[in-house]
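Working notes, structure below.
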Amino acid sequence: MYWEPDKECLDREELEQIQIERLQSTLTRVYQHVPFYRKKFNALGFSPEDVGSLADLGRLPFTTKADLRENYPYGLFAVPMREVVRVHASSGTTGLATVVGYTRNDIRMWSNLVARVLTAGGVTKDDVVQIAFGYGLFTGAFGIHYGAERIGASVIPASSGNTARQIQIMRDFKTTALVSTPSYALLVGDTLQEMGIPASALSLRYGLFGAEPWSDAMRREIEGKLGIVATDNYGLSEVIGPGVSGECLERQGLHINEDHFLVEVIHPETLQPVAPGEEGELVITTLTKEAFPMIRYRTRDLTRLLPGTCPCGRTGRRMSRVTGRTDDMLIIKGVNVFPSQIEHILFEIEGTEPHYQIVVDRKGAMDEVTVLVEVEESIFFDQMRRQKEMMDRIQKRLAHELGVHVDVRLVEPKTLARSEGKARRVIDNRKL
Ligand code: DLL
């Protein structure tokens with residue numbers, strides 16, 4: 001099932017033709033209306049008419065989060081405020097929020113792209129879609145909401161939190177598709193168990209999860225607990241919100257909506273393109289946005305472009321799951337470690353619960369990392385010997401796979417904070 005088959009299954013040549021035309025008009029738009037870009041282009045002696053091929057994009061500088069901050073709040077908007085019909089913002093853990101805007105056309109286009117992603121994940125107009133993202137400045141809830149309505153599904157804007165109530169709504173309103181962060185879906189699954197409700201008492205069939213990294217092991221855990229098929233979808237406020245890419249039911253990577261977003265993957269240090277298929281930082285140029293176009297935006301997200309074609313028939317290139325952000329990377333005794341690697345390992349160890357937290361401290365010039373892991377009650381309250389064995393086992397496994405020693409502490413089930421939105425996996429006490 002496709003939402004816009006003629007656009008999702010374009011052949012490469014046609015797609016590239018569309019991309020180049022749209023790129024030219026986006027560059028002209030920002031050159032004319034956004035002083036920040038005009039200055040940069042002028043400094044390079046670059047004029048939007050110079051763009052003859054997609055490769056010419058490589059001549060332009062990147063745009064970063066710092067540029068967005070310096071132009072806070074509306075400096076990078078390409079239309080006057082009277083044409084903006086919606087504003088969103090991402091809170092950001094440090095400093096100023098990133099403010100983004102949408103024209104009426106942008107909202108229409110965004111809804112269509114989300115409709116593509118939802119359709120790819122199994123949603124049709126017969127579905128009852130419960131949106132358990134926080135409604136507000138976050139793009140997740142409103143973005144998915146408009147896309148689901150566009151499909152004609154019945155939308156329940158449940159918003160986030162109050163898990164017992166979410167479950168009651170799910171049961172009484174016969175929700176068939178749940179939309180949330182994966183960590184929240186897990187909490188819903190755990191709460192369901194605590195309430196003694198079997199997944200079979202619900203009508204849930206699909207889960208569409210995104211907004212934070214998660215592993216395949218976590219997917220299996222969620223699917224088992226909720227009795228659903230779960231897909232991953234990706235996006236970010238600076239580029240649009242959800243709707244950049246999403247998995248189809250083949251679940252072999254996330255199809256990028258390439259007729260609206262031009263992607264590059266670069267080495268985060270050299271800033272050069274990586275070899276095809278290699279992992280690097282995703283860089284996105286928007287091709288159709290009116291209010292807030294982005295040229296070569298460095299997402300900081302790590303992914304790779306997958307080779308080959310997907311059996312689903314969509315031709316949009318696929319990216320692998322985002323494994324983390326360049327700024328999430330921990331350097332433990334000189335070894336680079338991503339929280340997602342730790343998650344992957346923990347989920348494979350028998351007896352651990354799928355809840356963990358990574359605490360980072362600094363002793364002198366060194367980062368010290370302690371992984372707190374919830375373990376099954378039977379292990380936690382068992383003899384010291386068994387607890388110790390379990391701890392050693394986790395420690396050894398982590399050391400073996402990460403290539404560096406990290407401390408492990410076992411904690412009782414349900415002691416680590418649960419999240420209703422994006423999970424906070426890393427507690428950073430370094431005050432860098
Ligand atoms: O999280 C947009 C979104 C909402 C996407 C709902 C999907 C569903 P921001 O709050 O601006 O926007 O955060 C964007 O979240 O740069 C990634 O680091 C991370 N992220 C988003 N989706 C995924 C995903 C929304 N599927 C930042 N896997 C991005 C891994 C993700 N990380």
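When a ligand or atom number is given, it counts from 1 through the structure's own listing order.
Considering backbone and side-chain N/O atoms, Thr299 never comes within less than 3.5 Å of an N/O atom of ligand 1. Taking distance alone, with nitrogen or oxygen atoms compared against 3.5 Å, Leu254 stays at or beyond that limit from ligand 1. In terms of polar-atom proximity, Ser237 is counted as a contact of ligand 1, with an N or O under 3.5 Å from an N or O of the ligand. Ligand 1 has a nitrogen or oxygen under 3.5 angstrom from a nitrogen or oxygen of Lys422.
At most 12 heavy atoms of other shown residues, nucleotides or ligands fall within 6.0 angstrom of atom NE2 in His344.
A donor-acceptor contact shorter than 3.5 Å is absent between the side chain of Asp127 and the backbone of Val129. Checking side-chain atoms of Asp190 against main-chain N and O of Leu187 turns up no donor-acceptor pair under 3.5 Å.
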Which pairs would a plain distance check flag for residues 149-158, meaning a side-chain donor or acceptor within less than 3.5 Å of a matching protein atom at least two apart in sequence or in another chain?
unit_1: Glu149; atom_1: OE2; unit_2: His145; atom_2: NE2; d: 2.9

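For atom 25 (C) of ligand 1, the closest non-hydrogen atom on the protein side is Gly235 O, 3.6 Å. In terms of protein heavy atoms, atom 19 (C) of ligand 1 is closest to Ala211 O, 3.7 Å. Counting protein heavy atoms only, atom 4 (C) of ligand 1 is closest to Gly140 CA, 3.5 Å. With respect to atom 29 (C) of ligand 1, the closest heavy atom belonging to the protein is Asp301 OD2, 3.2 Å. In this structure, atom 28 (N) of ligand 1 lies nearest to the protein heavy atom Glu212 O, 3.2 Å.
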Please assess Glu247 against Arg318 for the test side-chain contact (heavy atoms from CB on, under 4.5 Å), listing each intermediate value before the final yes or no.
CA-CA 8 Å; Glu247 283 180 329; Arg318 291 162 302 156; over 6 Å; no
Would Trp110 and Tyr146 satisfy ring pair (Phe, Tyr, Trp, His ring centres under 6.0 Å), going step by step from the backbone distance to the final call?
CA-CA 8 Å; Trp110 187 18; Tyr146 275 57; 7.6 Å; no
Apply ring pair (Phe, Tyr, Trp, His ring centres under 6.0 Å) to residues Tyr135 and Phe142 and explain how you reach the verdict.
CA-CA 7 Å; Tyr135 278 71; Phe142 279 98; 5.1 Å; yes
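For Asp6, the side chain to side chain contact (heavy atoms under 4.5 Å, CB included) partners are Glu4, not counting sequence neighbours.
Residue contact annotation: Arg300 has no non-hydrogen atom under 4.0 Å from ligand 1. Ligand 1 has at least one atom lying under 4.0 Å from a heavy atom of Phe133.
Those atoms of ligand 1 with a heavy atom of Thr139 less than 4.0 angstrom away are 2 (C), 12 (O). Short contacts between ligand 1 and Arg325, defined as distances under 4.0 Å to a heavy atom of the residue, involve ligand atoms 16 (O), 18 (O). Of all atoms in ligand 1, numbered sequentially from 1 with element shown, those under 4.0 Å from a heavy atom of Asp232 are 24 (C), 26 (N).
Taking all heavy atoms of Leu137, Leu282, Asn233 into account, the minimum distance to atom 26 (N) of ligand 1 is reached by Asn233.
No side-chain N or O of Gln341 forms a donor-acceptor pair with one of Glu401 less than 3.5 Å apart.
Residue Phe209 does not touch ligand 1, judged by heavy-atom distances below 4.0 Å.
We find the CD-OG distance between Glu420 and Ser159 to be 9.5 Å, quoted to the nearest 0.5 Å.
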